[in-house]
Amino acid sequence: MKRLLATLALGLALTGVARAAIDTYEFKDEAERERFRVLTEELRCPKCQNQNIADSNAPIATDLRREIFRMLEEGKGDDEIVDYLVARYGDFVRYKPPVNGRTLLLWYGPAGLLVGGLLVLGVIVLRRRRVENAPGDALLSSDERARLDALLNQETQDKNH
């Protein structure tokens, strides 16, 4: 029974691999094949999000590879092809989007978060040092200290009576 289940699980796992589409395109020359390879590796699949078009098995990636091949056959340049895909899918299809107003957060957000985290860490360390050096001063103001002394004196007087 265990062997049957293991065989069935292996069969189901391999059916996904067997269905993976393999693109076959006829290129004019090796330079065009290299352009196709570079373009499909530098553009991101809109569905997979962190996989390039060349490695993705998603249907949209297959369509985009076909579209890139068609545009190469028409003699379009790399910039024209990338601009067409960016116009259609946005800057997300690029692994390295341009630095502009819409992508500033993408480019500088991580550095901003890092600087903010370091500032918060610095404030915490400074406060701890201040508490360790003068614990009474850092915890209570002079009014609070006077009130605490009054309460403690009152408590000791109540115990003595």
Side-chain angles (χ1 to χ4, degrees), residues 1-140:
M1 182 66 174
K2 287 183 180 180
R3 280 189 177 174
L4 178 63
L5 287 175
T7 305
L8 184 61
L10 181 62
L12 287 173
L14 291 177
T15 57
V17 174
R19 291 181 46 206
I22 298 174
D23 298 328
T24 55
Y25 297 114
E26 296 287 328
F27 295 98
K28 289 185 266 188
D29 56 13
E30 196 58 37
E32 189 173 279
R33 178 184 310 277
E34 182 63 20
R35 282 181 60 207
F36 178 81
R37 186 190 63 76
V38 168
L39 282 169
T40 57
E41 287 179 355
E42 75 180 22
L43 295 170
R44 185 189 326 245
C45 174
K47 181 178 179 187
C48 303
Q49 296 191 5
N50 205 20
Q51 199 172 23
N52 61 27
I53 295 171
D55 295 336
S56 175
N57 288 328
I60 192 164
T62 304
D63 292 342
L64 290 175
R65 286 191 298 266
R66 191 177 314 119
E67 188 68 17
I68 290 170
F69 177 74
R70 182 190 62 77
M71 293 170 104
L72 284 172
E73 290 290 307
E74 291 176 359
K76 299 211 182 214
D78 292 355
D79 290 338
E80 289 177 292
I81 294 170
V82 171
D83 290 344
Y84 170 78
L85 293 174
V86 167
R88 192 164 185 188
Y89 299 102
D91 283 326
F92 178 78
V93 296
R94 293 181 175 185
Y95 272 114
K96 295 179 182 175
V99 179
N100 60 32
R102 295 183 308 166
T103 60
L104 283 176
L105 185 61
L106 176 69
W107 280 102
Y108 300 113
L113 288 173
L114 180 64
V115 168
L118 289 174
L119 287 174
V120 168
L121 183 64
V123 167
I124 290 171
V125 167
L126 287 175
R127 284 186 180 173
R128 284 224 174 132
R129 283 186 184 166
R130 196 176 307 147
V131 168
E132 289 173 359
N133 291 340
D137 294 341
L139 297 176
L140 298 175

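Remember, predicted model here, so these are calculated numbers, not experimental data.
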Inset, instruction - Applying side chain to side chain donor-acceptor pair (under 3.5 Å), name anything that partners R94, two or more places apart in sequence or on another chain. - result: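 Here no residue qualifies.
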Legend entry - Residues forming a side chain to side chain donor-acceptor pair (under 3.5 Å) with Q51, sequence neighbours excluded: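 Counting only residues at least two positions away or on another chain, Q51 forms no side chain to side chain donor-acceptor pair (under 3.5 Å).
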Take atom [atom1] of [X] as the centre, draw a 6.0 Å sphere, and report whether it contains more than 12 heavy atoms from other residues, nucleotides or ligands.
{"X": "E26", "atom1": "CD", "answer": "no"}
{"X": "F92", "atom1": "CZ", "answer": "yes"}
{"X": "R70", "atom1": "CZ", "answer": "yes"}
{"X": "L105", "atom1": "CG", "answer": "no"}

Legend entry - Basic-acidic side-chain contact under 4.0 Å: E34, R37: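 Yes, charged N to carboxylate O under 4.0 Å.
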Inset, instruction - Would you mind checking if E32 and R35 are paired as a salt bridge, meaning a charged N to carboxylate O distance below 4.0 Å? - result: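 Salt bridge flag = no for E32 with R35.
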Please give me the minimum heavy-atom distance between [X] and [Y], naming the atom from each residue.
{"X": "R65", "Y": "S56", "value": "NH1-O, 2.9 Å"}
{"X": "M71", "Y": "E80", "value": "CE-O, 4.4 Å"}
{"X": "Y84", "Y": "E67", "value": "OH-OE2, 3.7 Å"}
{"X": "N52", "Y": "T40", "value": "CB-O, 3.6 Å"}
{"X": "T62", "Y": "Y25", "value": "O-OH, 4.2 Å"}
{"X": "Y89", "Y": "P46", "value": "CD2-CG, 3.9 Å"}

Spacing of [atom1] belonging to [X] relative to [atom2] belonging to [Y], to within rounding of 0.5 Å:
{"X": "I68", "Y": "I81", "atom1": "CD1", "atom2": "CD1", "answer": "6.5 Å"}
{"X": "D55", "Y": "E41", "atom1": "CG", "atom2": "CD", "answer": "7.0 Å"}
{"X": "D91", "Y": "L85", "atom1": "CG", "atom2": "CG", "answer": "12.0 Å"}
{"X": "L119", "Y": "I124", "atom1": "CG", "atom2": "CD1", "answer": "11.0 Å"}
{"X": "I60", "Y": "C48", "atom1": "CD1", "atom2": "SG", "answer": "9.5 Å"}

Inset, instruction - Enumerate the residue pairs fulfilling ring pair (Phe, Tyr, Trp, His ring centres under 6.0 Å) with a member in residues 109-130, sequence neighbours excluded, ordered by first and then second residue. - result: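 Sorted pair list comes back empty.
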Inset, instruction - Assign the ring pair F27 / F36 to parallel, tilted or perpendicular, where the plane angle (0 to 90°) is split at 30° and 60°. - result: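 The arrangement is tilted - the two ring planes meet at 30° to 60°.
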